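Only heavy atoms go into these numbers, but all of them, side chains included; no hydrogens, no water, no symmetry mates. From a predicted model like this one, the values you see are computed outputs, not experimental measurements.
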Amino acid sequence: MIFILILIYCTSLGTGFDMKSIFCSISDSCDCDFKPDIKGLEWDLYKNLYGQHMAQDIVSETVVNFLQNENPDRPLVLSFHGASGTGKSLVSSMIGRHIYGTAMGSSYIHQFVPTLHFPSADRVQQYRSDLKRWVEGNLTACARSIFIFDEMEKMPPGVIDVLEPHLGPFHVLFQTNYRKAIYIFISTVGQEVINKVALESRQAGRDREDILPKELEDSIADAVYNNKNSGFYHSRIITEKLITRFVPFLPLLRRHVERCAQRELCQRGECQRADVALSVGGAITYTPNDSQYFSSTGCKLVPAKVNLFL
């Protein structure tokens, strides 16, 4: 084995090949800059993610178990669902930060935005070819790659299905241990199902922390599969059950918005301005109209509101 590696190395000097990429393509142990901070991830989730007990529990359990498994039998595939501003992108950045020490700055974290990378519905075949090449190339360079697909509700149907062979329990594929990769899909599709359950629970006097993932996951899967505006519309990724977990993000209450505002203030060195956090909470629009339970924009407008009241 050592002789073969030396031979490859010597050959690579003359051909311009990247020795690290060659080694990664033939070795199951190539983990790039993979240095997961598991305790840091768990602490970050529970300290800085507000009102999302299901997301905290699911992400903590699945990601930690996956990272601790040196030889997983399939990649980790998470699909985040919920209204805008509820924490989906925040959790994605937490995962990146505690695996590679940076949210999106690592060369092993790859983010795709449909409006930027896949803007035209009539170019699906080209996008499929491009996406397949991008993913395979990055998996060869780093088996521990993280792929984040934002705004799946804007993804042209059919594009994402090219990833189906990458997501299942296959043993040999693309000359790399592709089973160590993490895929995260982010979407607002399914928010109606999530918000309905949250509203009914609230009206029944039930604590939101009593809502269980099993009450939502099947309904979310049906919603994304049957929604023509979903990148998962009639997708085999859904029918073949290649999503490890569907992660529901609940609509946020006023107290959660105020906590977001307090966090924003602390990041600016203004932790003592509790008055501003209260003002921000009062300046957000809440739904439904007759009860005003949930923030219509989650925490998305909090930075702008803090600017207004600070």
Side-chain angles (χ1 to χ4, degrees), residues 24 27-82 86-104 106 108-111 135 138-139 142-149 163-173 176-187 190 209 211-218 220-221 237-238 240-250:
C24 285
S27 172
D28 285 349
S29 64
C30 180
D31 286 335
C32 318
D33 294 330
F34 178 70
K35 297 176 182 177
D37 177 10
I38 290 175
K39 292 298 183 183
L41 174 60
E42 292 178 321
W43 175 249
D44 207 359
L45 284 167
Y46 284 92
K47 180 184 178 184
N48 295 312
L49 181 63
Y50 308 135
Q52 305 297 354
H53 67 282
M54 288 184 288
Q56 288 170 331
D57 291 344
I58 293 172
V59 171
S60 179
E61 177 186 356
T62 57
V63 174
V64 169
N65 288 343
F66 183 77
L67 295 179
Q68 290 177 332
N69 187 348
E70 294 184 0
N71 189 29
D73 61 356
R74 64 175 66 202
L76 178 62
V77 186
L78 299 174
S79 194
F80 294 171
H81 298 268
T86 52
K88 302 182 299 296
S89 295
L90 175 64
V91 174
S92 299
S93 68
M94 288 179 180
I95 293 172
R97 183 163 61 249
H98 293 291
I99 291 180
Y100 285 117
T102 179
M104 293 304 299
S106 171
Y108 307 121
I109 301 175
H110 314 281
Q111 186 172 27
V135 169
N138 285 303
L139 283 174
C142 177
R144 288 284 185 183
S145 291
I146 300 174
F147 301 97
I148 300 174
F149 295 86
L163 296 182
E164 181 190 350
H166 303 71
L167 305 183
F170 305 104
H171 295 287
V172 178
L173 194 65
T176 186
N177 187 350
Y178 80 104
R179 292 164 289 167
K180 291 184 176 182
I182 295 177
Y183 297 83
I184 300 173
F185 301 104
I186 300 174
S187 177
E209 288 75 16
I211 301 174
L212 302 177
K214 65 181 181 182
E215 300 176 51
L216 290 164
E217 290 183 290
D218 288 345
I220 292 172
I237 292 174
I238 303 297
E240 296 299 318
K241 300 186 184 303
L242 298 179
I243 305 291
T244 306
R245 294 294 299 271
F246 290 93
V247 185
F249 285 73
L250 296 171

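Phe34 CZ to Ile146 CD1: the interatomic distance, rounded to the nearest 0.5 Å, is 8.5 Å. Note that the CD1 atom of Ile109 and the CD1 atom of Ile99 stand 7.5 Å from one another [nearest 0.5 Å]. With values rounded to the nearest 0.5 angstrom, Phe149 atom CZ is found 10.0 Å from His110 atom NE2. Between the CG atom in Asn69 and the CG atom in Leu67 there is a gap of 9.5 Å [rounded to 0.5 Å]. Taken to the nearest 0.5 Å, the CG atom of Leu90 stands 6.0 Å off from the CG atom of Leu49. Interatomic distance, CG of Asp44 versus CG of Asp37, reported as 9.0 Å (0.5 Å rounding).
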Audit row: Met94, Val59, side chain to side chain contact (heavy atoms under 4.5 Å, CB included) steps and yes/no
CA-CA 10 Å; Met94 288 179 180; Val59 171; over 6 Å; no

The test is side chain to side chain contact (heavy atoms under 4.5 Å, CB included); show your working for Val77 and Leu242 and say whether it passes.
CA-CA 7 Å; Val77 186; Leu242 298 179; 5.8 Å; no

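Of all non-hydrogen atoms in Ile211 and His53, the two that sit nearest each other are O-NE2, 2.8 Å. Closest approach of Pro75 to Thr244, counting heavy atoms only: O-OG1, 3.8 Å. Contact record, Pro248 with Ile58: CD-CD1, 4.0 Å, taken as the closest heavy-atom pair. Minimum heavy-atom separation, Arg74 to Phe66: O-CE1, 3.4 Å. Between Tyr178 and Gly168 the shortest heavy-atom distance is OH-O, 2.5 Å. Residues Thr86 and Leu250 share a closest heavy-atom pair of CG2-O, 3.5 Å.
Residues Leu216 and Met54 have side chains in contact (heavy-atom distance under 4.5 Å, counting atoms from C-beta outward). The side-chain heavy atoms of Ile95 and His98, taken from C-beta on, include no pair separated by under 4.5 Å. Taking the side chain as every heavy atom from C-beta outward, Arg245 and Leu76 never approach each other to under 4.5 Å. Side-chain contact check for Gln111 versus Ser92: every heavy-atom pair is 4.5 Å or farther apart.
The aromatic rings of Tyr183 and Phe147 lie parallel to each other, their planes meeting at an angle below 30°, with 60° marking the opposite boundary. Using cut-offs of 30° and 60° for the angle between ring planes, the Phe246 and His81 rings count as tilted.
Side-chain atoms of Ser145 come within 3.5 Å of backbone N or O of Asn138 as a donor-acceptor pair. Between the Ser60 side chain and the Asp57 main chain, no donor and acceptor come within less than 3.5 Å of each other. Between the side chain of Gln56 and the backbone N or O of Leu45 there is at least one donor-acceptor pair closer than 3.5 Å.
Listed by chain and number, the residues in a salt bridge (Lys or Arg N to Asp or Glu O under 4.0 Å) with Glu209 amount to none (sequence neighbours excluded). Checked against salt bridge (Lys or Arg N to Asp or Glu O under 4.0 Å), Glu240 has the following partners two or more places apart in sequence or in another chain: Arg236.
In Asp218, the CG atom is not crowded: 12 or fewer heavy atoms of neighbouring residues, nucleotides or ligands sit closer than 6.0 Å.
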